[in-house]
Amino acid sequence: MDGSDIPRATVPPASAPLMLRGREVGLDGRAVRPVVMAVLNRTTDSFYAPARLPDDAAALAAAERAFAAGAEILDVGGVRAGNGAPVDEAEEIRRVVPFVAAVRRAVPDLLVSVDTWRAGVARAAIDAGADLINDTWAGHDPGLVEAAGAAGVGVVCSHTGGAVPRTDPYRVEYRLPPAEPAEPRVSTSSTSERSTSGRFDGRDGLLADVVATLRAAAERAVACGVPRASVLVDPTHDFGKNTWHSLHLLRRTDALAGLGFPLLMALSRKDFVGETLDLPPEERLEGTLAATAVAAWLGARVFRAHDVTATRRVLDLVAALRDEAPPAVALRGLA
């Protein structure tokens with residue numbers, strides 16, 4: 001075998017670059033690295049206790065630590081995603097909006113995202129300096145994306161399979177139509193959507209639904225005035241999905257990366273990781289990092305994470321493997 005016989009290495013295409021506040025997030029000179037979005041919850045009941053930071057001083061210190069550890073975006077939430085005590089709009093604003101203003105003053109280079117499904121909260125957060133609105137409930141309030149578009153800030157478009165805010169999935173199914181459809185128009189070299197018989201994998205009913213939903217939501221965001229490069233798409237693991245669904249979306253990250261928008265993955269310590277390994281939230285770090293490495297290799301751009309330092313290290317290693325960023329130090333065999 002000579003050099004001409006060696007097959008060329010193939011690296012899955014990355015999703016589109018993310019632009020916020022006039023800059024490409026993750027770009028450092030000629031190096032491009034996936035982006036860490038640190039989780040900070042202004043709640044007392046979120047599923048992962050260390051992320052509960054209702055105290056102002058503790059929360060601001062956590063934001064500063066996240067930035068120092070390599071997070072470029074801070075995602076601030078005021079309401080537990082799942083079932084819990086009711087939180088009205090006024091209380092959500094009280095928890096979130098003054099804190100957004102405080103972060104903007106204290107850490108001006110840290111981009112701020114607000115996790116909300118309410119247009120009123122989004123407008124107040126944008127006025128306080130938020131750069132991104134993370135709508136994890138898939139346009140439940142149609143005015144939210146309009147508020148983001150009017151202000152020209154970024155928005156996250158998500159998929160919940162029609163689930164309404166703060167509800168858990170129950171026996172949800174995603175089926176392919178009876179007639180086999182054309183393959184979703186996404187950029188992928190994978191053949192994993194087909195079974196050994198050559199027919200479509202039935203689990204791709206979910207993939208088709210996610211692709212169609214995210215494409216439509218992203219195009220509506222652009223039509224509402226959100227800059228195309230500031231529209232993120234998120235398959236939203238666990239929301240409206242069981243563990244089998246979330247695992248399938250993870251293995252098909254390459255298809256989602258081909259939608260033409262920056263791809264966000266919110267994998268951190270989620271139930272699908274816990275159920276796969278039979279572990280509680282506080283023991284899901286290794287599983288989260290394994291999922292993170294797979295998604296980053298397959299082209300995801302932004303990662304919502306509770307564990308900033310560990311996630312940053314994994315993503316830096318994957319960026320080097322993808323030949324998108326150099327090693328931090330390369331002395332072995334040279335010095």
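Each residue takes its place number in the sequence, starting with 1. FYI, side chains are in, hydrogens and waters are out, and symmetry mates aren't considered; it's all heavy atoms of this structure.
- Contact annotation: the side chain of Arg42 approaches that of Asp56 to within less than 4.5 Å [non-hydrogen atoms, C-beta and beyond].
- Contact check for Met37 versus Ser113: side-chain heavy atoms found under the 4.5 Å cut-off.
- In the hydrophobic cluster analysis, where Ile, Leu, Val, Met, Phe, Trp and Tyr join through side-chain heavy atoms closer than 4.5 angstrom, Val112 is grouped together with Val96.
- Distance CG/Leu144 to CG/Asp135: 4.5 Å, rounded to 0.5 Å.
- Under the side chain to side chain donor-acceptor pair (under 3.5 Å) criterion, Asp131 pairs with Arg21, Arg104, sequence neighbours left out.
- Counted within 6.0 Å of CG on Asp88, heavy atoms from surrounding residues, nucleotides or ligands total more than 12; the atom is thus considered enclosed.
- Side-chain contact between Glu275 and Asp238: absent, with no pair of heavy atoms (C-beta onward) separated by less than 4.5 Å.
- Between Gly240 and Val172, the shortest heavy-atom contact is O-CG2, 3.5 Å.
- Partners of Arg33 under the salt bridge (Lys or Arg N to Asp or Glu O under 4.0 Å) rule, at least two apart in sequence or in another chain, are Asp28, Asp316.
- A side-chain donor-acceptor contact under 3.5 Å links Ser268 to the backbone of His306.
- Judged by distance alone, the side chain of Arg118 and the main-chain N or O of Asp141 form no donor-acceptor pair under 3.5 Å.
- Around CG of Asp278, the count of heavy atoms belonging to other residues, nucleotides or ligands within 6.0 Å does not exceed 12.
- Comment: Arg220 engages Glu146 in a salt bridge, judged by a side-chain N to carboxylate O separation of less than 4.0 angstrom.
- The closest side-chain heavy-atom distance from Arg203 to Arg251 is below 4.5 Å.
- When atom types are taken as modelled, the side chain of Ser230 and the backbone of Val226 share no donor-acceptor pair closer than 3.5 angstrom.
- Ion pairing of Lys241 with Glu173 is absent here, as no side-chain N (NZ or NE/NH1/NH2) approaches a carboxylate O to less than 4.0 Å.
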message: Could you walk me through whether Arg313 and Leu289 satisfy the side chain to side chain contact (heavy atoms under 4.5 Å, CB included) test, starting with their C-alpha distance in whole Å, then the side-chain angles of each, then the deciding distance to 0.1 Å, before giving a yes or no?
response: CA-CA 10 Å; Arg313 290 172 179 170; Leu289 296 178; over 6 Å; no
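- Rounding to the nearest 0.5 Å gives a distance of 11.5 Å between CG of Asn242 and CG of Asp271.
- When every heavy atom of Ala130 is checked against every heavy atom of Val114, the shortest pair comes out as CB-CG2, 4.1 Å.
- The aromatic ring centres of Tyr174 and His248 sit 6.0 Å or more apart.
- Considering only heavy atoms from C-beta on, Asp307 comes within 4.5 Å of Tyr48 through its side chain.
- A continuous path of Ile, Leu, Val, Met, Phe, Trp and Tyr side chains, each step under 4.5 Å between heavy atoms, connects Val145 with Leu259, placing both in one hydrophobic cluster.
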message: Run Lys270 and Phe239 through side chain to side chain contact (heavy atoms under 4.5 Å, CB included) and show every step you take.
response: CA-CA 10 Å; Lys270 280 197 165 177; Phe239 285 52; 3.9 Å; yes
- request: Apply side chain to side chain contact (heavy atoms under 4.5 Å, CB included) to the pair Leu232 and Val302, showing each step before the final yes or no.
  value: CA-CA 9 Å; Leu232 293 97; Val302 182; 3.7 Å; yes
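- By the 4.5 Å heavy-atom criterion applied to side chains, Val231 and Val222 are counted as neighbours.
- In this structure Asp115 satisfies the salt bridge (Lys or Arg N to Asp or Glu O under 4.0 Å) test together with Arg304, sequence neighbours excluded.
- Residues forming a side chain to side chain donor-acceptor pair (under 3.5 Å) with Glu72 (at least two apart in sequence, or on another chain): none.
- Of all heavy-atom pairs spanning Ala319 and Pro34, the tightest one is CB-CD, 4.0 Å.
- Residue pairs meeting the ring-ring contact (aromatic ring centres under 6.0 Å, His included) criterion with at least one partner in residues 265-295, sequence neighbours excluded, are His237-Phe272.
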- prompt: side chain to side chain contact (heavy atoms under 4.5 Å, CB included) between Thr253 and Val294: does it pass, once the steps are laid out?
  reply: CA-CA 8 Å; Thr253 298; Val294 170; 5.6 Å; no
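- Leu256 has its side chain within reach of Met265: a pair of non-hydrogen atoms, C-beta onward, lies under 4.5 Å apart.
- Phe67 pairs by the ring-ring contact (aromatic ring centres under 6.0 Å, His included) definition with nothing, not counting sequence neighbours.
- The closest donor-acceptor contact from the side chain of Arg322 to the backbone of Pro12 lies under 3.5 Å.
- Classification of Arg95 and Glu91 as a salt-bridged pair holds, one side-chain N sitting under 4.0 Å from a carboxylate O.
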- request: Applying salt bridge (Lys or Arg N to Asp or Glu O under 4.0 Å), run through Glu219 and Arg228 and close with a yes or a no.
  value: CA-CA 8 Å; Glu219 293 297 349; Arg228 178 171 287 270; 2.9 Å; yes
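- Counting heavy atoms from C-beta outward, Thr116 and Val79 have side chains that stay 4.5 Å or more apart.
- In terms of modelled atom types and a separation under 3.5 Å, the side chain of Arg301 and the main chain of Phe261 share no donor-acceptor contact.
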